[in-house]
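Structure first, then comments.
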Amino acid sequence: MLLNQPHPLETRVLTRRFEYPQKNPIWVDEFVAKQGYEGFRKALGMSPDEIIEEVKKSSLRGRGGAGFPTGLKWSFVDRKSSKPKYVVVNGDEGEPGTCKDRVLIEHDPHRLIEGCLICARAIGAERGWVYIRGEYRFHIDILDKAIAEAYERGYLGENILGSGMTFHLSTHTGAGSYECGEESALLESLEGKRGNPRLKPPFPATVGAFQCPTTVNNVETFCAVPDILLNGGDWYHALGTPKNGGTRMVCLSGHINNPGVYEVPLGFNMKRLIEEIGGGVWKGRKLKAVIPGGSSSPILTADEVDIPADYDSLAKAGSMLGSGATMVCDETTDMVKLLARVMKFYAHESCGWCIPCREGTAWLAKILARMDEGAGMTRDIDMIDQLATSMFGRTFCALGDAAAMPTMSIVRKFRNEFEAKIGSTEVFVPAPGTQPLVVL
Amino acid sequence: MAELVTLTIDGKQITAEKGTLVIEAAKKIGIEIPAFCYYEGYSLQAACRMCLVEVEKMPKLQPGCTLPAAEGMVVMTDSPKVVEARKSTLEFLLTNHPLDCPVCDKGGECELQDMVFRYGAGESRFTEIKHHANEKQWSPMVYYDPARCILCYRCIRVCDEGLGVGALGLTHRGVHAEITPSNGDHLECDECGMCIDICPVGALTSGSYRYKSRPWEMNHVGTICAHCSNGCKTTLSIRNGEIMRANNRDQSGINGEFLCAKGRFGYDFVHSEERLQTPLVRKDGELVEASWSEALALVAKKFGDVKAKGGKFGVVGSARTTNEEAYYLQKFARQGLGTANIDHRRSGDVASLLNALAGKRDALATVADLYTTKAALVIGSDLSQQHPLLAFQLRANYRHHGSSTYTVTRGPVREDSYAARSIRFEAGDEIGALDQLREDLSKHASVVILFGDSVKGGDVAKLVAFGDSLGVGVKYVCLMDYSNSRGAWDMGLTHEYGPGYEAAEQRGLSLPEMLAAKDLDVFWAVGANPLADAELGSNDAFVVVQELFLTETARRADVVLPAASAYEKNGTVTNTCGEVQRLKAGAKVMGVKTDLEIMGLLAKEMGLDLGIWTPEKVFEEIRRTVRGYNVQLPIIVTGGAAPTQPVSGQLAVLPDVSLVRSAEDTLFTSGSLGRYSKMLNAAMEAPGKLYKE
Amino acid sequence: MIGNYPTGRQKGALIPMLLYAQDEIGQITEELIDEVSKRLSVNRVEIEEVLGYYTMLHREKRGKHHVQICTNVSCMLRGGEELWEHACGKLGIGNKQTTADGSVSLEEVECIGACSWAPAILVNYDFHFNVTPESLDALIEGLRTKQ
Ligand SMILES: Cc1cc2nc3c(=O)[nH]c(=O)nc-3n(C[C@H](O)[C@H](O)[C@H](O)COP(=O)(O)O)c2cc1C
Ligand code: SF4
Ligand code: SF4
Ligand code: SF4
Ligand code: FES
């Protein structure tokens with residue numbers, strides 16, 4: 001249900017088969033008629049190394065959040081291992097602000113299957129799973145149907161298209177957990193366990209699903225692969241900027257006139273994205289800030305958004321491209337409330353495995369909720385920053401960082417708003433320099 | 001030989017095997033990296049983040065508990081960054097910790113307290129409302145307080161990896177995360193309490209100790225468990241003579257960190273209200289209280305009279321009294337009373353094993369060997385139930401060294417879950433079943449064979465012949481039931497053998513023969529309850545019983561002398577592997593005397609010269625005179641386990657193997673003694689019943 | 001379902017099996033736990049571990065229509081919290097509570113991946129986008145009459 005109208009400034013690769021308004025998902029006949037499975041056919045004539053080389057050339061980077069080069073990741077898979085190898089698709093799509101994987105599955109499910117097949121060919125896998133968050137039952141059903149079609153047409157199963165290749169694919173539902181989007185937690189969940197992350201190393205490329213070499217990639221990452229094979233890595237690369245190739249899906253949300261999911265080249269200017277594609281800030285208001293890559297990414301102020309939106313430029317600006325979720329905040333946005341809501345989320349989703357994240361998110365959530373209600377104390381502001389800093393880089397998995405990064409950026413960039421919330425109601429506020437309330 | 005690397009920790013260079021964890025490497029040069037979740041021997045978690053260290057060229061702090069040492073690595077364990085990180089981790093940890101230290105069982109022994117004391121900030125900035133969850137009773141033995149739990153997952157790992165029980169898990173998430181027991185709201189498990197011991201804080205508490213005492217109010221006495229034959233060291237914590245708890249505080253015994261339900265909770269028989277505390281004498285058909293002097297005089301007179309008229313004695317010893325007592329008893333019987341009718345209930349055929357091993361050296365496995373052997377073969381025993389320490393050792397060996405275990409049992413056993421091969425056999429056919437394993441076993445450089453009571457007599461010889469045929473180093477363990485089952489044999493408490501398996505000068509009646517005899521004049525049972533499942537054939541026999549409780553045998557007695565238990569006396573015992581260890585008196589119970597003292601006083605009363613009856617003097621005599629017991633005294637007195645040497649030549653007579661029968665105790669039973677432990681009985685009743693609301 | 005996982009790794013089917021079964025039964029029951037534990041040869045405690053972890057698995061009975069309102073950032077920016085307050089007020093119930101007639105239950109949920117069409121809600125597995133208090137009223141009326 002791609003509810004937004006496509007925009008002329010988009011570069012449509014992954015979304016090229018989409019139609020507006022949407023009818024049904026593109027089922028196998030239509031898919032095949034529109035060059036479907038042709039990238040895979042091409043891959044069948046290539047060696048695994050050649051496929052990986054092509055993906056490397058495309059400079060495709062993971063679209064799940066971390067942005068790791070995909071070709072390189074595939075090359076790490078221990079192909080010589082005597083164990084089976086697995087392909088795992090990360091369709092957990094839990095990062096607040098993100099809603100692109102669902103769009104890809106809903107419109108063009110066979111594209112994802114084709115991406116998996118190419119990957120399977122490259123790493124020598126005979127089985128794969130598409131892990132989809134439990135709330136997306138509708139999408140699981142669509143993909144299940146597409147998978148059934150693919151089996152029927154000989155794109156999945158044994159001796160695929162007479163090539164001798166075997167590949168089995170099935171969906172696997174999540175059941176409500178953001179942390180299960182973290183790849184090692186996802187693998188635990190796939191194995192029927194709690195979504196507690198695993199110790200790394202070993203990385204999934206050596207010890208992944210069911211203890212076998214595995215590659216885990218985001219839905220969008222896999223969806224980019226068929227066209228890379230079809231038109232060549234160089235072609236895909238050239239769509240973006242020299243260092244950041246290709247296109248990416250962005251999910252515009254928040255205080256914006258035309259929220260929606262769009263496909264743009266890497267490096268597309270963030271300000272233009274908001275103003276031109278997104279139609280500008282709603283209600284004629286001014287822009288205050290943008291969260292550029294999902295709630296885990298550090299916030300950018302209105303002054304900081306006139307930059308190309310690609311991995312390197314955002315990193316330079318102190319934030320990250322993340323999952324492509326771009327959340328727009330207008331001038332009326334209450335930043336304390338926003339951060340309080342963000343922290344409530346991380347406290348709720350912390351798996352509880354390690355101390356700094358488990359206790360840190362809960363503590364911060366409590367302070368922020370209190371501040372939001374107007375019962376803040378002066379010392380809270382520095383403490384929020386300090387606690388987030390204490391979590392950052394010290395937790396077991398990146399969820400702790402994901403909670404710390406927006407916190408540090410928001411409290412530093414919008415300190416005045418926090419100050420404004422202090423003592424506006426009658427609460428006990430210890431004078432600076434008094435004894436701590438609890439002495440151990 | 002593994003590759004060596006040189007790294008620097010806090011400016012000190014150290015060479016270690018490549019891959020050694022930094023936390024371990026640091027320990028070797030005396031640098032402690034604090035940790036909660038890291039626990040040597042169990043899987044790595046890197047969850048508590050206390051062990052974070054700074055490593056040159058790495059931007060983030062690294063967990064020392066999972067970081068492998070690498071060439072040229074430069075590690076700092078107390079840089080300002082590290083110190084700050086520890087402070088903040090502890091501050092985080094304390095936010096939801098109840099800080100009820102003043103009433104917590106763990107107070108004074110708590111790793112969290114120690115950590116905060118050494119590395120903490122001394123103040124907390126946390127002023128929000130703490131997350132709280134109520135304490136739960138999981139079983140008679142185990143209570144869990146989620147508020148105190150710091151989620152180090154040690155309990156989960158010890159139960160799963162260490163014991164193979166896997167009764168604990170983790171549920172919920174975030175600050176709500178907590179440990180969950182095997183059956184929803186209650187535990188069905190071994191009730192070993194290992195989880196309680198390993199818990200760094202007071203989150204898991206013991207049903208028998210909670211809220212009873214503070215660690216610093218008690219004396220801690222390391223002694224040997226009174227129950228099974230494995231010989232775990234258990235540390236009794238004593239206040240005013242009363243045992244408040246038992247655990248393995250210093251982990252210095254052959255059992256290391258291990259202790260089972262009996263060793264930890266089964267001490268409560270000591271202070272049972274059913275304990276006998278005054279001698280009883282039968283008057284007008286009733287047992288009535290009497291003074292020690294009256295009772296002893298009566299017995300001495302009776303013994304003297306019967307001896308004088310050449311009457312018939314029957315003497316039964318115990319598999320739980322000390323070596324000194326067993327030795328003294330047989331000496332009393334043979335020399336003092338001039339009778340050859342002496343025996344005890346035997347549960348394993350160690351005599352045939354020693355006979356078959358004649359001429360071999362080092363053919364008896366020690367408990368430690370089970371952790372290092374390449375392979376083990378378990379025949380006819382449910383090891384996890386009957387020999388929990390030995391089972392624990394084999395499992396640890398498999399976990400840490402990948403050793404292979406083979407089981408040949410009648411039914412499924414827990415060892416099957418990791419066994420290289422498991423074979424089921426029909427009763428009496430175990431030796432035949434072995435041929436199937438010959439090839440597998442001969443592949444390993446060393447093998448330990450453990451066998452239960454179904455292998456005896458000629459079968460033991462066949463088993464040793466089978467071992468010889470493997471062409472590899474083979475050691476043996478003859479599995480027996482109780483804390484001194486082995487010592488009872490060794491000390492000559494059998495009608496065939498004197499001490500050290502010297503053929504008895506005269507072969508007297510065996511225990512069943514004594515019971516059957518119609519003409520016994522005196523029946524003397526020392527720490528034994530043969531009438532639990534038998535009748536005494538001789539109606540007129542004068543029965544003397546030294547006991548803790550009014551057992552079936554004691555009820556038939558003419559004189560009952562209240563005896564001290566193993567936890568109230570000094571002496572030595574020999575475990576099923578033939579290792580001698582020292583008992584140290586901890587508890588005090590009014591009115592009782594040790595069996596050794598009782599016998600000494602009787603000897604004195606009768607005017608017999610059997611030597612001084614202090615445990616030290618008797619042990620000295622044992623070391624001098626009993627074959628194989630000339631053990632190193634320093635090992636014993638420092639609380640170690642001294643292996644005894646098997647007899648060197650063939651035995652002059654073969655044992656009467658028809659008498660060998662195990663009582664087949666489980667984790668929660670322990671012969672007559674177990675019946676008087678409320679905790680052990682509660683464990684048997686609890687599963688699925690008591691605590692399901 | 002078990003066939004989708006490598007041999008001996010049938011535990012992989014645990015979470016899907018629990019969720020799909022819950023969809024039919026309405027909640028996780030003791031019998032269900034026993035059955036799943038038998039089918040997949042997993043211990044009770046292994047099931048307990050996941051039940052507490054995954055928010056979509058629940059032991060308590062829920063309304064026939066489980067209304068999940070997202071109040072995470074994207075929805076919050078466009079009125080998700082007001083929607084939540086409105087729903088609570090209208091139904092007279094709070095988080096994870098069910099109306100007396102058992103028809104509707106409410107839950108405040110984290111991001112449900114519908115951020116570009118915020119505020120969004122889920123009713124069982126059906127998404128509703130760009131919800132306003134008025135459209136929510138109509139929706140709830142519809143659900144209650146549908147029973
Ligand atoms: C807390 C957390 C949540 C994550 N959630 C998702 C997610 O929902 N979807 C996703 O594709 N990747 C997610 N990731 C990133 C994955 O760990 C992993 O990097 C990604 O699946 C790799 O695929 P890619 O290389 O194609 O991006 C998450 C990471 C963290 C730390
Ligand atoms: S008492 Fe022993 S068996 Fe029971 S849960 Fe604790 S460690 Fe596991
Ligand atoms: S109960 Fe104790 S051992 Fe278990 S996780 Fe909690 S603190 Fe650690
Ligand atoms: S194994 Fe035997 S000796 Fe050790 S604690 Fe348990 S009962 Fe006692
Ligand atoms: S000991 Fe390293 S994280 Fe706990």
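Chain A is the first sequence line, chain B the second, and so forth, proteins listed ahead of strands; every chain is numbered from 1.
- Put simply, of C:Ile15, C:Asn4, C:Ile47, C:Leu18, the one with the most heavy-atom pairs under 4.5 Å next to chain A is C:Asn4.
- With a 4.5 Å cut-off on non-hydrogen atoms, C:Glu46 does not touch chain A at all.
- For the atom pair CG of A:Asn258 and CG of A:Asn4, the computed distance is 8.0 Å after rounding to the nearest 0.5 Å.
- When the candidates C:Gly8, C:Ala118, C:Cys75, C:Ser116 are compared by the number of heavy-atom contacts under 4.5 Å with chain A, C:Ser116 comes out ahead.
- Per-residue counts of heavy-atom pairs under 4.5 Å with chain C were compared for A:Cys351, A:Gly176, A:Ser295; the largest is that of A:Gly176.
- A donor-acceptor contact shorter than 3.5 Å is absent between the side chain of A:Glu263 and the backbone of A:Glu10.
- Here the closest heavy-atom approach between residue C:Ala120 and residue C:Val131 is recorded as CA-CG2, 4.5 Å.
- Of the listed residues (A:Lys193, A:His168, A:Arg341), the greatest number of heavy-atom pairs within a distance under 4.5 Å of chain C belongs to A:Arg341.
- Between A:His172 and C:Tyr5, the ring center distance clears the sub-6.0 Å criterion.
- For C:Leu122, the part lying under 4.5 angstrom from a heavy atom of chain A is the side chain only.
- Contact of C:Glu81 with chain A is made through the side chain alone, with heavy-atom distances under 4.5 Å.
- Distance alone, capped at 3.5 Å, places no donor-acceptor pair between the A:Thr15 side chain and the A:Phe18 backbone.
- Judged as a salt bridge (Lys or Arg N to Asp or Glu O under 4.0 Å), and not counting sequence neighbours, A:Arg127 has no contacts.
- Distance alone, capped at 3.5 Å, places no donor-acceptor pair between the A:Glu126 side chain and the A:Pro84 backbone.
- Using a 4.5 Å cut-off between heavy atoms, C:Glu108 touches chain A through its side chain atoms alone.
- At a threshold of 4.0 Å, the pair C:Glu60-C:Lys96 does not count as salt-bridged, since none of the basic side-chain nitrogens sits closer than that to a carboxylate oxygen.
- Under a 3.5 Å cut-off, the side chain of A:Glu349 and the backbone N or O of A:Tyr178 do form a donor-acceptor pair.
- Between the A:Ser409 side chain and the A:Pro406 main chain, a donor and an acceptor come within less than 3.5 Å of each other.
- Between chain C and the residues A:Gly134, A:Cys251, A:Ala209, A:Gly195, the largest count of heavy-atom pairs under 4.5 Å involves A:Gly195.
- For the atom pair C:Lys11 NZ and C:Leu40 CG, the distance stands at 10.0 Å (nearest 0.5 Å).
- Judged purely by atom type and a 3.5 angstrom limit, A:Glu220 uses its side chain to pair as donor or acceptor with the backbone of A:Met249.
- The pair A:Glu93-A:Arg63 does not meet the salt-bridge criterion, since no charged nitrogen lies less than 4.0 angstrom from a carboxylate oxygen.
- Neither the backbone nor the side chain of C:Asp126 comes within contact range of chain A; no heavy atom of the residue lies under 4.5 Å from a heavy atom of that chain.
- Of the two parts of A:Lys344, the backbone and the side chain both hold a non-hydrogen atom closer than 4.5 Å to a non-hydrogen atom of chain C.
- Options C:Thr71, C:Val42, C:Asn124, C:Val109 differ in how many heavy-atom pairs under 4.5 Å they form with chain A, and the most are formed by C:Thr71.
- Most heavy-atom pairs under 4.5 Å with chain C, from the set A:Gly352, A:Cys212, A:Gly97: that is A:Gly97.
- In this structure, the portions of A:Thr173 lying under 4.5 Å from any heavy atom of chain C include both its backbone and its side chain.
- No salt bridge links A:Arg133 with A:Asp101; every basic N to acidic carboxylate O contact stays at or beyond 4.0 Å.
- Interface check for chain A: of the options C:Tyr20, C:Phe127, C:Tyr54, the most heavy-atom pairs under 4.5 Å are formed by C:Tyr54.
- For A:Leu252, the part sitting under 4.5 Å from any heavy atom of chain C is the backbone (N, CA, C, O) and nothing else.
- Ranked by non-hydrogen atom pairs under 4.5 Å with chain C, the options A:Glu95, A:Glu191, A:Glu179, A:Lys100 are led by A:Glu191.
- For residues 325-336 of chain A, heavy-atom neighbours of chain C at less than 4.5 Å comprise A:Met327, A:Val328, A:Cys329, A:Thr333, sorted by residue number.
- Proximity to chain C (any heavy atom under 4.5 Å) is shown, for A:Leu187, by neither the backbone nor the side chain.
- At a 4.5 Å heavy-atom cutoff, the contact between A:His348 and chain C is made by side-chain atoms alone.
- A salt bridge links C:Lys90 with C:Glu141; the closest basic N to acidic carboxylate O contact falls under 4.0 Å.
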